[in-house]
Amino acid sequence: QKEVEQDPGPLSVPEGAIVSLNCTYSNSAFQYFMWYRQYSRKGPELLMYTYSSGNKEDGRFTAQVDKSSKYISLFIRDSQPSDSATYLCAMQTSGSRLTFGEGTQLTVNP
Amino acid sequence: DSGVTQTPKHLITATGQRVTLRCSPRSGDLSVYWYQQSLDQGLQFLIQYYNGEERAKGNILERFSAQQFPDLHSELNLSSLELGDSALYFCASSVAALAGGYAGGNTQYFGPGTRLTVL
């Protein structure tokens, strides 16, 4: 069983839709949770960072962490065609290495 | 632009050969990480260096080695290459060595990657 599970999609939505992306994990030692965006196999770009449980909002993006359920989410409001990319969840213990989910491929159609 | 640079962008070589990938971290970052992204494995952590010393090791093959130089740039050496080594290799950098040792964890910023093709 993988430490981090993420539905690879693909996910296709119309412009303006609310997008929900999710990951589950099994390692209760994970404390830091991140979402990266990756365009066409370019370098992953950090979108959101969250420590422990709770919500964090940044513009159209909201990250949620529920440690009791070992479940994290990223919501994208008013999605745009430019949001079309692969979204990777990543997690970290107090150490250093990032453990990534498989990535969800998102397409936002005009 | 993350501030992390990697060269070369693309590398095509043959089985059995040896290649070197280079990474320069963001200004001020002391930690360098190497990750491999293949189609069937996703992004996998290989190794971390902090201020010239190895700090953590992931699923890095014995045929692969890395080092970090006094100017903090890092090189990943891949030898006796096999077809299965074809992948994207990313370098990332951060200020701190550990997540708990710096406010906000040790946010890692990724370079543009090197695409390695082994024929």
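Naming: A, B, ... by sequence-line order, numbering from 1 per chain. Note that these values count all heavy atoms, side chains included, but never hydrogens, waters or copies made by symmetry.
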(request) Please flag which part of L98(A) lies under 4.5 Å from any non-hydrogen atom of chain B: side chain, backbone, both or neither. (result) both
(request) Measure distances from Q38(A) to the heavy atoms of chain B and classify the residue's part below 4.5 Å as side chain, backbone, both or neither. (result) side chain
(request) Give a yes or no on this: more than 12 heavy atoms of other residues, nucleotides or ligands lie within 6.0 Å of atom NZ of K67(A). (result) yes
Side chain / backbone / both / neither for [X] at chain A, heavy atoms under 4.5 Å:
X	value
K57(B)	backbone
L88(B)	side chain
L46(B)	neither
Q37(B)	both

(message) Would R26(B) pass as a cation-pi partner of Y109(B), given that its NZ or CZ must be under 6.0 Å from the six-membered ring centre and within 45 degrees of the axis?
(response) yes
(message) Classify the ring geometry of Y25(A) against F30(A): parallel below 30°, tilted from 30° to 60°, perpendicular beyond 60°.
(response) perpendicular
(message) Check this for me, if you would: do E57(A) and R77(A) make a salt bridge, where the nitrogen-to-carboxylate-oxygen distance has to be below 4.0 angstrom?
(response) yes
(request) Determine, stepwise, if the pair S20(A) / N22(A) fulfils side chain to side chain contact (heavy atoms under 4.5 Å, CB included). (result) CA-CA 7 Å; S20(A) 173; N22(A) 311 292; 3.5 Å; yes
